[in-house]
Colleague: 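I'd like to ask some things about the structure below.
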There are 2 protein chains.
Amino acid sequence: MDDQTDQIRKPRADAVRNRERVLEAAKVVFNAGGPEASLEAVAKRAGVGIGTLYRHFPTREDLFEAVYRREVEQLSELAEQLKTAKDPVDALRRWLRSNVEFVATKKGMSAALALTFQSSSELAAFSMDRLTKAIGSLLDRAVAAGQMRGDVSPEDLLRALVGMCYMHDQPGWQSSVLRMLDVFVDGLRVQPVAKAKARAAKPTKAAVKRKR
Amino acid sequence: MDDQTDQIRKPRADAVRNRERVLEAAKVVFNAGGPEASLEAVAKRAGVGIGTLYRHFPTREDLFEAVYRREVEQLSELAEQLKTAKDPVDALRRWLRSNVEFVATKKGMSAALALTFQSSSELAAFSMDRLTKAIGSLLDRAVAAGQMRGDVSPEDLLRALVGMCYMHDQPGWQSSVLRMLDVFVDGLRVQPVAKAKARAAKPTKAAVKRKR
DNA sequence: GAAGATACGGAGGCACCCTCCGCTTAACAA
DNA sequence: TTGTTAAGCGGAGGGTGCCTCCGTATCTTC
């Protein structure tokens with residue numbers, strides 16, 4: 001073996017397990033109690049000692065960040081799955097809706113994030129990048145299928161989404177956003193030249209060219 | 001006198017003074033230390049006992065809120081002053097710029113606000129109302145003077161401003177926003193069809209060099 | 001199975017939160 | 001002015017949560 005010098009042990013199983021437990025507990029506790037929730041409460045819910053929590057996440061913000069990263073990754077994976085859906089436009093719409101739900105369930109976390117984003121622009125960059133890619137892959141597919149106009153960038157779409165969700169303190173915001181999203185998606189559609197969309201969904205480039 | 005029963009004393013001078021001192025101190029401390037800054041530090045800087053601080057502002061959020069309200073009122077007053085400026089368009093632009101500066105100096109406070117807005121939608125309503133009126137008075141004047149189009153509501157303008165400032169964690173956001181604001185204001189101007197400048201009737205392009 | 005690295009838990013010291021109450025002071029009446 | 005009294009003041013103190021530190025327990029590797 002040529003890597004004898006920096007040989008790396010397999011991480012201990014209990015450490016991995018505990019880390020995961022803390023993340024899961026933190027998600028629940030922060031959502032319920034906001035960003036000032038007690039870290040000791042998180043540790044207790046995770047069934048670990050406070051020392052363990054601090055070893056894994058030296059600062060409160062480290063914990064926020066890890067929780068959030070995980071969620072962003074989940075949204076990213078959702079996009080991956082949706083890529084195999086039949087209807088590309090519907091797939092995009094679903095992803096956007098999931099995003100709204102995501103925001104909706106993050107009552108406490110969103111405040112925590114406002115705090116964290118401020119000190120870690122790296123996190124902001126990471127999540128923007130990740131989400132842009134997710135949205136981009138879905139958008140591209142819809143465009144490639146000739147069902148959506150191609151002059152809107154993923155960044156724009158993401159920004160619109162985020163902007164819409166920005167007012168999520170106001171009553172009834174969620175249904176309002178969902179409505180606006182539908183309008184938005186409709187606006188993105190290639191105008192209905194012909195008829196229904198009940199058609200086999202084989203994303204072939206040939207079809208795209210033909211349509212154009 | 002029939003109002004003897006609910007006769008109201010003049011508020012004590014020291015109470016008024018102390019309240020003001022605490023607000024001023026809080027502004028400084030929160031901007032520097034963020035929303036988690038120690039209230040005891042605020043009291044110390046204000047030169048009052050911790051008990052006094054709590055009597056005036058029972059909760060941390062009450063204090064945030066009071067500080068913010070004061071600032072909103074100051075912006076409101078600024079608009080009042082700008083109403084007497086000669087150039088209505090320039091007045092509006094200046095107010096918008098002041099707003100950006102306002103956001104810029106609120107490093108810590110903005111995070112605190114994110115927290116407070118969440119629990120007090122009344123505060124959100126108050127500030128929206130106040131700022132909408134401020135922006136509206138300036139906008140109206142420019143419209144009345146025939147220098148700006150009349151189909152943009154103060155709410156829209158405010159929302160655009162807020163939205164632009166929303167990304168104020170990213171590097172270089174401030175100059176970017178200022179640039180976008182200029183573009184925006186240019187867009188709001190009544191197109192110089194037959195206006196002052198002797199310019200060829202070339203289509204569009206805000207190549208207006210507005211430096212007199 | 002033994003050795004050694006790695007992780008665990010929670011006691012303890014500290015900072016800050018917030019309440020409570022005896023003392024001080026400003027406003028008002030005479 | 002002086003007296004009365006409500007209003008305000010300060011800060012001690014009990015409580016909670018933060019974070020460090022280290023003796024003990026557990027896992028990985030050989």
Colleague: Can you sort out which residues in residues 15-29 of chain A have a heavy atom within less than 4.0 Å of DNA chain C? Ascending by number, please.
Modeller: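 Listed by number, they are A:A15, A:N18.
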
Colleague: Checking only heavy atoms, does the side chain of A:E40 share a donor-acceptor pair with the base of D:dC19 at less than 3.5 Å?
Modeller: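 Flag set: donor-acceptor pair detected.
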
Colleague: Could you work out, with side-chain contact (heavy atoms from CB on, under 4.5 Å) as the rule, every residue matching A:E77, not counting sequence neighbours?
Modeller: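 Result, side-chain contact (heavy atoms from CB on, under 4.5 Å) vs A:E77: none returned.
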
Colleague: Please classify the nucleic acid contact of A:L39 as base, sugar-phosphate, or nothing, using heavy-atom distances under 4.0 Å.
Modeller: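 A:L39: backbone/sugar contact only, no base atoms under 4.0 Å.
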
Colleague: When the distance from CD1 of B:I50 to P of D:dG8 is rounded to whole Å, what number comes out?
Modeller: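 Going from CD1 in B:I50 over to P in D:dG8 covers 18 Å.
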
Colleague: OP1, OP2 of C:dC17 versus side-chain N and O of B:S38: anything below 4.0 Å?
Modeller: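 It does, given that an N or O in the side chain of B:S38 lies less than 4.0 Å from OP1 or OP2 of C:dC17.
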
Colleague: If you look only at distance, which donor and acceptor atoms sit under 3.5 Å apart when one is on a side chain in residues 46-59 of chain A and the other is two or more places apart or in another chain?
Modeller:
unit_1	atom_1	unit_2	atom_2	d
A:T59	OG1	A:E61	N	3.3
A:T59	OG1	A:D62	N	3.0
A:T59	OG1	A:D62	OD2	3.2

Colleague: Heavy-atom contacts under 4.0 Å between residues 52-64 of chain B and DNA chain C, which residues?
Modeller: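 Correct list: B:Y54, B:R60.
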
Colleague: For A:K133, check side-chain hydrogen bond (donor to acceptor under 3.5 Å, both in side chains) against everything at least two apart and list the hits.
Modeller: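 Applying side-chain hydrogen bond (donor to acceptor under 3.5 Å, both in side chains) to A:K133 gives A:D129.
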
Colleague: For residues 35-50 of chain A, pull every pair meeting salt bridge (Lys or Arg N to Asp or Glu O under 4.0 Å), keeping only residues two or more places apart or in separate chains.
Modeller: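 Counting only pairs at least two positions apart or across chains, no salt bridge (Lys or Arg N to Asp or Glu O under 4.0 Å) contact touches residues 35-50 of chain A.
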
Colleague: What ring pair (Phe, Tyr, Trp, His ring centres under 6.0 Å) pairs are there with at least one residue in residues 26-48 of chain A, not counting sequence neighbours?
Modeller: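 Matches after skipping sequence neighbours: A:F30-A:F64.
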
Colleague: Check whether any side-chain N or O of B:R141 sits under 3.5 Å from a backbone N or O of B:V89 as a donor-acceptor pair, and report yes or no.
Modeller: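 Looks like no, no N/O pair under 3.5 Å.
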
Colleague: May I have the distance from A:E36 (atom CD) to C:dC17 (atom C1'), rounded to whole angstrom?
Modeller: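 Atom CD in A:E36 sits about 12 Å away from atom C1' in C:dC17.
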
Colleague: Between C:dG4, D:dT20, D:dT26, which nucleotide gets closest to the side-chain atoms of A:R9?
Modeller: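 For A:R9, the side-chain atoms sit closest to C:dG4.
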
Colleague: Not counting sequence neighbours, which residues clear side-chain contact (heavy atoms from CB on, under 4.5 Å) with B:E80? List them please.
Modeller: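 side-chain contact (heavy atoms from CB on, under 4.5 Å) check on B:E80 returns B:K83.
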
Colleague: Output yes when a side-chain donor or acceptor of B:S127 lies under 3.5 Å from a complementary backbone atom of B:L123, and no otherwise.
Modeller: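 Yes, B:S127 side chain to B:L123 backbone: donor-acceptor pair under 3.5 Å.
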
Colleague: Tell me, which pairs form a side chain to side chain donor-acceptor pair (under 3.5 Å) where one or both residues lie in residues 88-97 of chain A, sequence neighbours left out?
Modeller: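 Passing the test, one end in residues 88-97 of chain A: A:D90-A:R94, A:R93-A:D182, A:R97-A:D182.
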
Colleague: Near DNA chain C, counting only heavy atoms under 4.0 Å, which residues of residues 42-49 of chain A show up?
Modeller: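 Contacts with DNA chain C under 4.0 Å: A:G47, A:V48, A:G49.
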
Colleague: If the condition is ring-ring contact (aromatic ring centres under 6.0 Å, His included), which residues does B:F102 pass it with, not counting sequence neighbours?
Modeller: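 B:F102: no ring-ring contact (aromatic ring centres under 6.0 Å, His included) contacts found.
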
Colleague: Can you name the side-chain contact (heavy atoms from CB on, under 4.5 Å) partners of A:E155, sequence neighbours left out?
Modeller: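 So A:E155 forms a side-chain contact (heavy atoms from CB on, under 4.5 Å) with A:T132, A:S153, A:R159.
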
Colleague: Here's a test of your reading of the structure: between B:A37 and B:A13, which maps to the more 5' nucleotide of DNA chain C?
Modeller: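 Its nearest nucleotide being more 5', the pick is B:A37.
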
